[in-house]
Amino acid sequence: LSFRDLHLATLMHGLEEADQLTEVIFAARTKLGRDTDHIRPNRAEALRLLMRIGLEEVAPETIEVAIEANKEYALDKVEEF
């Protein structure tokens, strides 16, 4: 996943420079109910988590459909074995 947005790039750079990226990732992982013990402070992790939070906020049905599709895909793979 990649996209170009000067404002978001500047924000991410600022978070890194201010050593706040880990805090943002911790907060995002907490909101999503994810493990907060092993945080990799990088832009990709932050953007992935924040995008998921945003999607859950504005289009929760999309996340639900994606979760179900992922489960079905995993079951199909197990059945193929």
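What you see is a predicted model, and the numbers here were worked out from it, not measured in a lab.
- Hydrophobic clustering places Val24 together with Leu11 (ILVMFWY residues linked when any side-chain heavy atoms are closer than 4.5 Å, directly or through intermediates).
- Qualifying salt bridge (charged side-chain N to carboxylate O under 4.0 Å, His left out) partners for Glu56, counting only residues two or more places apart in sequence or in other chains: Arg52.
- A chain of hydrophobic side-chain contacts below 4.5 Å, direct or via other Ile, Leu, Val, Met, Phe, Trp or Tyr residues, connects Leu32 to Leu21.
- Within the structure, side-chain hydrogen bond (donor to acceptor under 3.5 Å, both in side chains) pairs that include any residue of residues 25-37 comprise Arg29-Glu45 (at least two apart or interchain).
- Within the model, atoms CZ of Arg4 and CG of Leu6 stand 12.0 Å from one another, a figure rounded to the nearest 0.5 Å.
- Note on Leu8 and Ile25: same hydrophobic cluster, where clusters join Ile, Leu, Val, Met, Phe, Trp and Tyr whose side-chain heavy atoms are under 4.5 Å apart, directly or indirectly.
- Taking CE from Met12 and CG from Asn42, the interatomic distance works out to 10.5 Å, rounded to the nearest 0.5 Å.
- Residues meeting the side-chain contact (heavy atoms from CB on, under 4.5 Å) test with Asn70, sequence neighbours left out: none.
- The line from CG of Leu55 to CD1 of Ile63 is 4.5 Å long, rounded to the nearest 0.5 Å.
- Pairs engaging residues 65-74 under the salt bridge (Lys or Arg N to Asp or Glu O under 4.0 Å) rule: Glu68-Lys71 [sequence neighbours left out].
- The side-chain contact (heavy atoms from CB on, under 4.5 Å) test applied to Ala66 returns no partner, not counting sequence neighbours.
- For Glu57, the CD atom sits in a loose shell: 12 or fewer heavy atoms of surrounding residues, nucleotides or ligands are nearer than 6.0 Å.
- Every pair passing salt bridge (Lys or Arg N to Asp or Glu O under 4.0 Å) that includes a residue from residues 16-26 is listed here, sequence neighbours excluded: Glu16-Arg43.
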